[in-house]
Number of protein chains: 2
Amino acid sequence: MGAPEYIKIVQHIKDRIIKQDLNPGDIIPSENLLCEQFNVSRMTVRKSLAVLVNDGYIYSVPGKGNYVNEPNVNEYILYYDEMIPDPDDAGCKVHLLEVDVELPSYEVGYNLHIPKTKHVVVIKRVFLKESFPIAYDIKYMPYYRGIPIVEKEISYSTFPEMVAQRKSPFAMIKKLKIRSTLADGEISTHLEVPIGSPLLVIEELLLDTQELPIGWGVIYLPGESAALDAMASFE
Amino acid sequence: MGAPEYIKIVQHIKDRIIKQDLNPGDIIPSENLLCEQFNVSRMTVRKSLAVLVNDGYIYSVPGKGNYVNEPNVNEYILYYDEMIPDPDDAGCKVHLLEVDVELPSYEVGYNLHIPKTKHVVVIKRVFLKESFPIAYDIKYMPYYRGIPIVEKEISYSTFPEMVAQRKSPFAMIKKLKIRSTLADGEISTHLEVPIGSPLLVIEELLLDTQELPIGWGVIYLPGESAALDAMASFE
DNA sequence: GAGTGGTCTAGACCACGAA
DNA sequence: TCGTGGTCTAGACCACTCT
């Protein structure tokens, strides 16, 4: 009883969809019909439908009606926190291996869309937990004169934070590519695992709103214990 | 000019946030102020704010005001399509290795939350593209008498489709765990890769609305070429 | 032309927070 | 008490689709 009217309407329609009384592709009752059925104004019904559209249950076709969606089976929410430890957490540390300005490799130049003659900032870090390496992290950013490079800041910054000094995080597109590979010599040294160990690889590409690259990086997570979690559900 | 009023208001506020004129934690002008500023009714302003809330730019605190959000830096949209080939696509095939009813291993029983004495349905498949194996797939579901096991259907069904005969896909929670491992004997045979090759592992757990497991599966993707993509951005 | 969804108004009452 | 956001109404006009 306490719930607002529009929530009751939302629940009613969700229930019909979950009970498979309404199925994907079916049209649902028109807004005016729902007004009569629930004795509410049209704006209230529209608020309900907006919620259902938002949650992915239905979609609207102007001039025709509202239809039940095909459930999206291939979009998940991935939680990825870049494993930046809290600077105050004694168990977690960051080992800053290298901060440099150099010319890009082919791979770096390709991903940052810059010519071979343009310098890039390189940052290599190892994240430690209870003195054990848990991630090896390499990041590249186009070099501009005047970038402040402060060791303390670099150690405890996420990638978006590093570039956010010039770009708003709201105006940033982040793309991840998740792969698997084997540890080579360099990585096995830093992560203290045998050569040939399995690694989870996360490539991170930062783009501005014009889809121009502003940063590219790779994180290596050792062993079978490291895992990413993702989830999909309808509320 | 053509755009609706509420979209103009949305754009105006988004611009202020992106220009860092409004920053995370800042309060934005009250609804009544925005009404005066844009000469629109309060419902129109509220529609704009609903859009901004929805896109993650702001949040509301009843009795106080609307505030600029901290941008979410660790939630991404992961695209994962289970690699089920189109049955009509000649280049893509499914090799059904095994369909069986058996007692669960410890791992399977643990993930499905069932006792060791309760049978499970096991389905093992290899997905082929241009005759090359691209995925090795194992799925487990609690066994109920009366489950129709039709080979054709199993070959070309996603996991949610298999269990959807009893559960609506709208009433399903899907959880993924993404790991890395090395190919063992069984997997190397099916995927035609050397033992010790890197593999991307995707564990998929299906739960009903009471969070009870209704299916658990593992997919192995061979080599460094296989990758998952994820993205995060503000519109 | 009748029905649909999309936008918008000018009011109203409520619960809540701050002073 | 006053300002805030949350809910809701009873209208209105528009563009669109279908017949």
Side-chain angles (χ1 to χ4, degrees), chain A residues 1-17 21-72 235, chain B residues 1-17 21-72 235:
Chain A
M1 282 292 106
E5 288 305 315
Y6 78 92
I7 294 289
K8 294 181 195 168
I9 302 174
V10 167
Q11 276 305 338
H12 176 261
I13 298 177
K14 274 190 187 177
D15 287 348
R16 289 189 62 185
I17 293 175
D21 177 24
L22 290 169
N23 291 293
D26 288 357
I27 194 168
I28 73 176
S30 79
E31 298 182 353
N32 286 324
L33 276 176
L34 290 168
C35 290
E36 295 173 24
Q37 187 178 342
F38 289 93
N39 267 300
V40 295
S41 77
R42 188 165 160 237
M43 286 305 268
T44 300
V45 165
R46 282 186 59 72
K47 172 128 189 168
S48 307
L49 299 181
V51 170
L52 290 166
V53 167
N54 202 260
D55 289 356
Y57 284 87
I58 66 171
Y59 63 95
S60 278
V61 181
K64 297 185 71 177
N66 291 285
Y67 298 84
V68 179
N69 243 329
E70 299 288 337
N72 237 346
E235 322 282 308
Chain B
M1 283 291 108
E5 287 305 316
Y6 79 91
I7 294 289
K8 295 181 195 168
I9 302 173
V10 166
Q11 276 305 340
H12 176 262
I13 298 177
K14 275 189 188 177
D15 287 348
R16 290 189 62 185
I17 293 175
D21 177 23
L22 290 170
N23 290 293
D26 289 356
I27 194 166
I28 72 175
S30 77
E31 298 182 352
N32 287 324
L33 276 176
L34 291 168
C35 290
E36 294 173 23
Q37 187 179 342
F38 289 94
N39 266 301
V40 294
S41 77
R42 188 165 160 235
M43 285 305 267
T44 300
V45 165
R46 283 185 59 73
K47 171 126 189 169
S48 307
L49 299 182
V51 171
L52 290 166
V53 167
N54 201 261
D55 289 355
Y57 285 87
I58 67 171
Y59 62 95
S60 279
V61 181
K64 296 185 71 176
N66 291 284
Y67 297 83
V68 179
N69 244 329
E70 300 288 336
N72 237 345
E235 324 281 307

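Given the structure is predicted, the values throughout are model-derived calculations rather than measurements. Just so it is clear: chains get the letters A, B, ... in the order the sequence lines come, proteins before strands, and each one is counted from 1.
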message: Could you tell me if the side chain of B/Ile58 sits less than 4.5 Å from the side chain of B/Leu22, heavy atoms only?
response: no

task: To the nearest 10°, let me know how far the axis at one end of the helix from C/dG1-D/dC18 to C/dA18-D/dT1 is tilted from the axis at the other, five pairs an end.
output: 0°

- prompt: Given D/dT4, C/dG6, D/dC8, which nucleotide is nearest the side-chain atoms of B/Asn32?
  reply: D/dT4

What's touching nucleotides 10-13 of chain C from the protein side, N or O pairs under 3.5 Å?
residue : atom : partner : partner atom : Å
C/dA12  : N6   : B/Arg42 : NH1          : 3.4

message: Rounding to an integer number of Å, can you tell me how far A/Lys8 NZ sits from D/dC8 P?
response: 8 Å

Would you please confirm or rule out a distance under 4.0 Å between OP1 or OP2 of [N] and any side-chain N or O of [X]?
X	N	result
B/Lys64	C/dC16	no
A/Thr44	D/dT7	no
A/Lys47	D/dT7	yes
A/Tyr6	D/dC8	no

message: B/Asp21: which residues meet the side-chain hydrogen bond (donor to acceptor under 3.5 Å, both in side chains) condition with it, sequence neighbours left out?
response: B/Arg16

Test side-chain hydrogen bond (donor to acceptor under 3.5 Å, both in side chains) applied to A/Asn69 - qualifying residues, sequence neighbours left out: none

statement: Numerically ordered, the residues 23-30 of chain B set in heavy-atom contact under 4.0 Å with DNA chain C is none

Pairwise side-chain hydrogen bond (donor to acceptor under 3.5 Å, both in side chains) hits with a residue in residues 45-54 of chain A, at least two apart: A/Glu31-A/Arg46, A/Asn54-B/Asn54

